[in-house]
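Index from 1, following the sequence.
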Amino acid sequence: MKRIIAIHLLNDYSGSPKVLMQLLKAWTKNDIETHLFTSGGREGFLSNISLVENHSFWYRFSDNSLVRIINFFLSQFLLMGKLLFFLKKSDWVYINTVLPFGAAIAGKLKGCKIIYHIHETSVKPRAFKDFLFGIAKRTAHKIVFVSEFLMKQESLIQNQVLLYNVLEKDFAEKADQFQNQEKTNRIVLMICSLKVYKGVDEFFILAQKNPQYIFKLVVNASEKDIQDYFKGKELPQNLNIYPTQIDTHPFYREASIILNLSHKDLWVETFGLTILEGMRYGLPAIVPPVGGVTELVKNGENGFLIDSKNSDALSEKLNLILSDSMLYNAFSSDSYKKSLFFSEEYFDKEAVAIVSKL
């Protein structure tokens with residue numbers, strides 16, 4: 001009997017483990033025996049998924065880059081050792097992100113079918129990216145990409161498929177309860193990691209330039225991380241910053257617009273799940289002019305494509321959307337309609353097809 005052995009490095013509440021969670025649920029729903037290997041010791045989207053057998057391996061994230069890289073390579077050798085004893089030749093090894101290369105080597109040695117699910121292109125430094133993508137190219141039987149942009153950018157083997165990230169049914173149903181809800185405040189929302197390349201500083205500047213709006217920044221970080229990041233900076237009164245949130249619905253519900261300000265030269269967004277979630281709430285969006293996120297937002301239809309370094313253009317379009325009610329309603333309607341394609345039904349069907357045949 002075929003088993004799927006899914007591998008993910010760091011379990012948290014970010015986008016890639018969320019997508020793997022959706023895959024695991026789709027497979028178990030279809031009576032496929034599913035195992036998950038991920039680092040233990042922390043909660044995230046991959047915690048306690050029904051009908052999935054969990055296995056942990058050691059990994060510790062560190063802010064120190066040297067310690068982080070040592071920990072990473074050590075974790076992969078430990079993972080490889082575990083899998084060499086665990087895997088059967090008939091297993092399908094499903095590797096989420098390019099990071100868990102130890103699983104690819106173990107799977108190759110055991111003669112397993114190997115599938116990579118690639119979410120990213122902005123892996124630094126270049127030598128590290130070449131190493132990880134090189135292993136994927138040499139070991140994968142199939143590669144799944146999250147956007148057409150990423151598939152073209154990182155074409156590695158002949159057997160490649162597109163599987164867009166989608167909204168879970170529960171999320172979509174909750175969002176649909178609040179369609180056409182009147183907004184009492186004009187709130188500008190951004191949900192991202194607490195990283196410079198994610199445009200956190202640009203969001204800060206935008207809040208300073210537009211005191212007439214409330215700006216809400218939700219980051220995948222602790223209160224201490226937030227204090228350390230903004231140490232010595234005087235936050236504008238209209239800027240509210242929140243740590244990791246398990247439930248983001250209240251933020252989307254009250255927001256008027258959703259932003260992604262990733263630096264196009266440092267972090268090209270390969271999809272943009274928070275943008276899609278905002279779109280289901282009928283939120284217009286402002287996003288970078290490159291990457292997979294442009295497959296969600298069409299310039300002048302449901303938002304604008306603007307370089308995050310251009311704060312004047314960001315302010316101008318932000319004010320245009322929030323001050324013109326006819327334009328806002330047109331963008332809002334188009335955002336919602338666009339989000340309907342990215343459904344759980346589409347995802348489940350494709351998720352099963354991916355592991356049905358090579």
Point to revise | Worked check of salt bridge (Lys or Arg N to Asp or Glu O under 4.0 Å) between Lys338 and Asp334 | key: CA-CA 6 Å; Lys338 183 84 175 172; Asp334 199 80; over 6 Å; no
Check your understanding: Is there a side-chain contact between Phe215 and Asn240, using heavy atoms and a 4.5 Å cut-off?
Key ->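 Answer no - side chains too far apart.
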Review point. Is there a side-chain contact between Pro288 and Val293, using heavy atoms and a 4.5 Å cut-off?
Key: yes
Test the [X]-[Y] pair against the cation-pi criterion, namely NZ or CZ under 6.0 angstrom from the six-membered ring centroid and within 45° of the ring axis.
{"X": "Lys82", "Y": "Phe37", "answer": "no"}
{"X": "Lys129", "Y": "Phe133", "answer": "yes"}
{"X": "Arg186", "Y": "Tyr213", "answer": "no"}
{"X": "Arg3", "Y": "Phe86", "answer": "yes"}

Exercise for review: Kindly assign one of parallel, tilted or perpendicular to the pair Phe73 and Phe131, based on the angle between their ring planes and the thresholds 30° and 60°.
Suggested key: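 Geometry flag for Phe131 against Phe73: tilted rings.
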Point to revise | Tyr197 and Trp267 aromatic ring geometry - parallel, tilted or perpendicular at 30°/60° bounds | key: parallel
Study note, to complete from the structure: To the nearest 0.5 Å, atom OH of Tyr116 lies from atom CZ of Phe101 at 9.0 Å
Point to revise | Distance (rounded to the nearest 0.5 Å) between Leu83 CG and Met80 CE | key: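 Going from CG on Leu83 over to CE on Met80, the span is 9.5 Å.
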Donor-acceptor pair, side chain of [X] and main chain of [Y], under 3.5 angstrom:
{"X": "Glu269", "Y": "Gly291", "answer": "no"}
{"X": "Thr248", "Y": "Phe251", "answer": "no"}
{"X": "Asn302", "Y": "Leu296", "answer": "yes"}
{"X": "Thr34", "Y": "Ile32", "answer": "yes"}
{"X": "Ser39", "Y": "Phe57", "answer": "no"}
{"X": "Lys142", "Y": "Ile354", "answer": "yes"}
{"X": "Ser335", "Y": "Gly282", "answer": "no"}
{"X": "Ser47", "Y": "Gly44", "answer": "yes"}
{"X": "Ser193", "Y": "Lys195", "answer": "no"}
{"X": "Ser323", "Y": "Asn319", "answer": "yes"}

Check your understanding: Charged N to carboxylate O under 4.0 angstrom, Glu168 versus Arg280?
Key ->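 No, Glu168 and Arg280 are not salt-bridged.
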Check your understanding: Just checking, any donor-acceptor pair under 3.5 angstrom between side chains of Asp176 and Tyr336?
Key -> yes
Review point. Ser311: what forms a side chain to side chain contact (heavy atoms under 4.5 Å, CB included) with it, not counting sequence neighbours?
Key: Ile205, Lys209
Review point. Given Thr244 and Ser222, is the side chain to side chain contact (heavy atoms under 4.5 Å, CB included) satisfied, shown in steps?
Key: CA-CA 6 Å; Thr244 303; Ser222 66; over 6 Å; no
